[in-house]
Structures are given as structure tokens and as C-alpha cells.
Amino acid sequence: MFEKTVNKTKAWKKLENHYKHLRKVEMKDMFAFDEDRAKKFSINLEQMYLDYSKNRINERTMKLLMALARESGLEEKIKAMFAGEKINVTEKRAVLHVALRNRSNKPILVDGKNVMPQVNDVLAKMKKFSDAVRFGEFKGYTGKKLTNIVNIGIGGSDLGPFMACEALRKYWAKDINCYFISNIDGTACAEVLNKIDPETTLFIVASKTFTTIETLTNARTCRKWLVDALGEHAVAKHFVALSTNTQEVEKFGINPENMFEFWDFVGGRYSMWSAIGLIIAIAVGFENFERMLEGANAMDQHFYNTDLEHNIPVILAMLGIWYNNFFGVHRYSVIPYDQYLQYVPMYLQQLDMESNGKFVAVNGEYVKYATGPVLFGGAGTNVQHSFYQLIHQGTEIVPMDFIIPAISHNEIGEHHEILVANVLAQGEALMRGKTVKEAAEELKKAGKSREEINYLKKFKSFEGNRPSNTIVFKKIDPYTLGMLIAMYEHKVFVQGVVWNINSFDQYGVELGKQMALSILPELQNNSSENKHDASTGSLIELIKRLRK
Ligand code: F6P
């Protein structure tokens, strides 16, 4: 266990001093002085290319950041994760999403037992079942083909499959439609059930624990809807479960034969590669699902085998730490310029913030430095017309990750070139900015009066020097999607290691859940006890009154 506080390491101290020097340096000057800068700070892996030259760094910054990573024990921790060591120390679990896409099948041991045979068995079962559904061999109770696939899950049991299905929409079988019910809000259920026919619907109940109130409530509602239409016997043909908890699955009324298993070494937010990905396999076909695993595996191999200096997830992670811990910038934004990737930021919010939103280090002490940043994003160019004003001229710096495929799945007219022009323009504009003098000159050229120029020139200026990474893929396909998501998983892992926190538990979601359970009977009038603060207490009373 890494006991030394990271902000007391030699590298951290050096980075603090280095920051004092670099914070005033303009990126545009560094570009002007070094014609090799773009080449120096970019890296390529197969069909993926990362340009990180538009960051407030020089070669010394990267050297010191890598020294910090080494001093934090990163190299040992990477090995420990891949070796199946119980690095999730609070829950005493191994962390082996990498085993789910271990295409070489090299044994990975947990408690002396190779996990690969069970991983492969479930993959084989997923292949058989997804093929049977796609080719109409596994039919509904009345003999009709199952063409509506509904995933009922939340958090990691929803966001990954949802994001991936949307990202790979172009690969969906023509006659299959996928739906996702996650929110406990009855509207989520109602809106899906209104669209589908029980005879042609397969419900996939996805829950690692099979105790999550949202998922079980939604699953019960859907089960009742199906039973009302087709009778109790239909359940076996229309419900499957994805879980680690056989007992609860059985209790719910799903035959364990219709259950696809995974294990406690797979974290919820790291589980789309496991049985949780069943809906992806049904939508795009098992071969494409496997391609996604292969892409993730390529990133795993790169992460495991490459020295830190040339390691994409490590570079991204350490850049994040540079801003978070030295510039005091506790936020970043991910903007895919690809409509199919529009839910990637939402997915990454859970991955990053549930993993690294922690204030206690693994040694049980409070951390004395910032950990996980706030992440937000959306699809470009849409977000250019919502929050980019702040990104360009706000008083807050927001480091950006831009993601762009060179080739679109829908090459219509000049759409894609306009899209690419926009993403490249954003990176350049953020970096270069526009001085007050340049703004004044532009206003002059536009024929404005002297007074107008003097008044408007600051409004029209951009301070620039705002950082961004640009991640280019040849095309988004199952393989490159796998690479992209695995890249962010490892980035989050690296940051957790440096901050010396456990990225794999999520105790922070418990308190709200507990309190909701105590408020529920009060709302339902089954308890007159109101032990809440004045605000919560009167809100309970108000809503009860309004519901009468
Ligand atoms: O939000 C907390 C959480 O435990 C997530 O980590 C998890 O992905 C989600 O709930 C759903 O949990 P389950 O898959 O057990 O239903």
C-alpha cells in the first residue's frame, strides 16, 4: 500500500515550483518557438491518434508528471490489477474488467483460481443466446420473433450498454429495437411499454446485486405487464437476468437457467464487457461485441506494456492531475463530435465521478489535495451553442477532450467536413484566443466608430491559452469504441492510484439511498414519525398535501 501522501513526494514539490514558472507561459508562444511541438506531444495507437500538444506543458512538465506517477507506485499497481490482486481494498476484491476482454486467454488468478474459464463460458452462453434471438430461434411464448429488447438496469447496469448501443446504432440488426428503462420514475416504464408488444419483447433485467430498488421496481412492473397479457408461463420466454446474485434472481421469479452470470471482480461501472453487455451483443451481433472486446484488449495491452512516457491513458491521466492539483482546475469536459457518441459523456460521468469522487485515501486518512474532477459534456456541435460561451470567455478554465472520427457513418454532402472544421476550430481558438488589439483591429475593419471599438474590444477578445486534447479515430466501429472506453477506464485508474484512493468502491451513494427508504413510508402514510430537518419535513408534508 502506498502510504506516503502524494503531495509530500519530491515530484509533487517539483511540479509546484514548475507550475509557478509555466502558468504565465502562452501555448501559442510555445508553438511559435518549437515547430516540432505537435509531433512531440502526440501519439498514435493503431487507428487512434491523440494530440495533446494544446496543453500548458513542456517537456519538463511531462517528465515531472511521469516522475510523480512512478513515485506513486503506478507501475506496480498496473501489474497488480492485471494479476488479479485485491486492489479494491475496502471491499477486498480483485478488479478484473481486463479479464473480460483478455483475448489471449492467459490465465488470471484470483485466490489461486484461474477466472478465464468462467469468463469464456459466459461469453459462449451470450453468443449462443444472442444468435438465437437474432436469428429467431429463441422465440417468445406465442411463437413470435423477439424484436423488442428492453434492458432494465441503472448506473453501470444501464449506462454502458445504453452508450454502446447508441454508439453502434449503425450496426443494429434491421428488425431489432433496443430500449432502456433505468429511472424509477414511472414515466420511464410507461413510455417504453406504450411502444412495444408483449409477444415480441425480451426483458433483460440487469443488476449486479439484484437488490437495486429502481431496477427491481421497474422489473416487477414490466413482469406484471407481461403476465397480464400472456400469463405467468410466458415469463421464461420473455425475461432473462444478468447478475452476480443467483439467489435474488430466483427469488424474483427468473429461472437461473435464464441468468447470465458475472462476478464481484467486475465493478458495476466497468461491466459493459461482461454479461451486462448482452443487449449490445443482441443488437449488433456477437462478432461485433467481440470486436469491441478486442479493441478494449488492444488498449489494455498498450496500457500494460508501454512505458509511462508513451502510454495514452497515463498521459491523459497525468495531464488531468496537472490541471486538477496544480492549476486548481477541478473540472473537465468531454465532447465527442459524433452524434452516435452523444452518450459517452454521460457514461464517463459515472466512470470518473463514481470512481474518483473520494475524500479518504486507501490508508484510511483524509486526503489533503483535490481528487476526482467534475466532468460534463455533450455532442459537438450542439454544445457549442449551449455552454461554449463559458469555455471561451468564462472566468473558469475547462480542459477539453475532443473526440472526432475522420470518417462518418453518414457521409452526406459536406456535413462531416463542417463538423471536422468545427472541432478543429474550437481547439485552435481555445489555444490562440484573440487579443484586445486584434479584436479592435477587426472592429475597425468592420467600420465601427472609435467609441464603439473602445467599448466593444474587450467583449470581443478571448484570453486563449485554454487546454484541449484531440482524439482522432479513423472511424467509430465496435473495435475503436472498445479502445476509447478502455482508454478512459485506465485513465481513471491511473488518477486513483496517484491520489491514493480506491477507485472501485462507491460508498458515497449509500446515504441518500438509506434516507429515501426512511422517507418512503412517511410519504405513503405508513409512518407519522417525522424526524427530518425543517426543510425536508415540510417538503414531505407539502407533497403529501398536493398528492391528495
Ligand atoms: O449507484 C450505485 C450503484 O451501486 C452503481 O455502482 C451501480 O452501477 C448501480 O448502483 C447499479 O447497481 P446494480 O447493478 O447492483 O443494480
Side-chain angles (χ1 to χ4, degrees), residues 87-97 100 122 126 150-165 180-185 188-189 203-223 239-254 256 259-280 343-358 372 374-375 485 488-489 492-493 496 501-517:
I87 59 166
N88 175 353
V89 285
T90 49
E91 297 178 317
K92 299 192 177 60
R93 290 176 182 169
V95 174
L96 279 179
H97 40 283
L100 304 169
V122 174
M126 286 169 72
V150 183
N151 191 83
I152 307 171
I154 198 163
S157 299
D158 165 71
L159 290 167
F162 176 53
M163 173 277 294
C165 281
F180 291 82
I181 300 178
S182 56
N183 202 335
I184 187 61
D185 184 341
C189 254
F203 291 101
I204 300 177
V205 188
S207 175
K208 180 174 170 180
T209 54
F210 233 77
T211 56
T212 305
I213 190 165
E214 291 94 332
T215 301
L216 292 190
T217 310
N218 282 326
R220 272 188 217 107
T221 301
C222 293
R223 194 181 192 281
F239 270 83
V240 296
L242 321 173
S243 188
T244 58
N245 193 340
T246 317
Q247 242 181 353
E248 289 296 325
V249 168
E250 236 178 325
K251 233 190 315 170
F252 178 83
I254 296 177
M259 170 178 156
F260 296 78
E261 195 191 0
F262 60 112
W263 312 273
D264 70 6
F265 59 73
V266 180
R269 53 194 172 274
Y270 299 86
S271 65
M272 61 180 255
W273 326 96
S274 72
I276 291 292
L278 185 65
I279 191 167
I280 312 172
Y343 298 112
V344 167
M346 198 162 99
Y347 167 82
L348 293 179
Q349 281 180 332
Q350 187 199 13
L351 176 68
D352 199 325
M353 298 205 268
E354 201 172 79
S355 295
N356 285 346
K358 311 278 163 75
V374 172
L375 161 56
I485 300 303
Y488 277 109
E489 284 179 346
V492 166
F493 169 75
I501 53 177
N502 179 10
S503 301
F504 302 105
D505 60 16
Q506 55 282 320
Y507 296 117
V509 300
E510 296 302 328
L511 183 59
K513 282 190 201 171
Q514 266 171 25
M515 291 205 172
L517 285 181

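Note that the structure is a prediction, hence the values are computed from the model and not measured. What you see below is based on every heavy atom in this structure, not just the backbone, and it leaves out hydrogens, waters and symmetry mates. Just so you know, ligand 1 is whichever comes first in the structure, and atom 1 is the first atom listed for that ligand.
Scanning the protein heavy atoms around atom 10 (O) of ligand 1, the nearest turns out to be Lys513 NZ, 4.5 Å. Here the protein heavy atom with the shortest distance to atom 15 (O) of ligand 1 is Thr209 OG1, 2.6 Å. When only non-hydrogen protein atoms are considered, atom 2 (C) of ligand 1 lies nearest to Val509 CG2, 3.5 Å. Looking only at heavy atoms of the protein, atom 9 (C) of ligand 1 is closest to Ile154 O, 3.7 Å.
Residues Val150 and Cys222 are not in side-chain contact: their nearest non-hydrogen atoms beyond the backbone lie 4.5 Å or more apart.
For a threshold of 3.5 Å applied to N or O pairs, the pair formed by Thr212 and ligand 1 contains at least one separation below that value. Residue-to-ligand polar distances place Gly156 within reach of ligand 1: an N/O pair is separated by less than 3.5 Å. By the 3.5 Å distance cut-off applied to N or O atoms, Glu354 is counted among the residues near ligand 1.
Proximity of a side-chain donor or acceptor of Asn218 to a complementary backbone N or O of Glu214 within less than 3.5 Å is detected. Within the 3.5 Å criterion, the main-chain N or O of Gly496 finds no donor-acceptor partner in the side chain of Lys358. With hydrogens and angles disregarded, a donor-acceptor distance shorter than 3.5 Å links the side chain of Thr244 to the backbone of Lys208.
Remark: distances from the non-hydrogen atoms of Glu214 to ligand 1 are all 4.0 Å or more.
Within the 4.0 Å heavy-atom criterion, both parts of Lys208, backbone and side chain, lie near ligand 1.
Across every non-hydrogen atom of His97 and Phe504, the tightest pair is CE1-CE2, 4.1 Å.
The local environment of CD in Glu510 is crowded, with over 12 non-hydrogen atoms from other residues, nucleotides or ligands closer than 6.0 Å.
For ligand 1, the atoms lying closer than 4.0 Å to a non-hydrogen atom of Ser157 are 13 (P), 14 (O).
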Practice task
Report the C-alpha distance between Glu248 and Thr211 in whole Å, list the side-chain angles of each, state the deciding distance to 0.1 Å, and finish with yes or no for side chain to side chain contact (heavy atoms under 4.5 Å, CB included).
Solution key: CA-CA 7 Å; Glu248 289 296 325; Thr211 56; 4.3 Å; yes
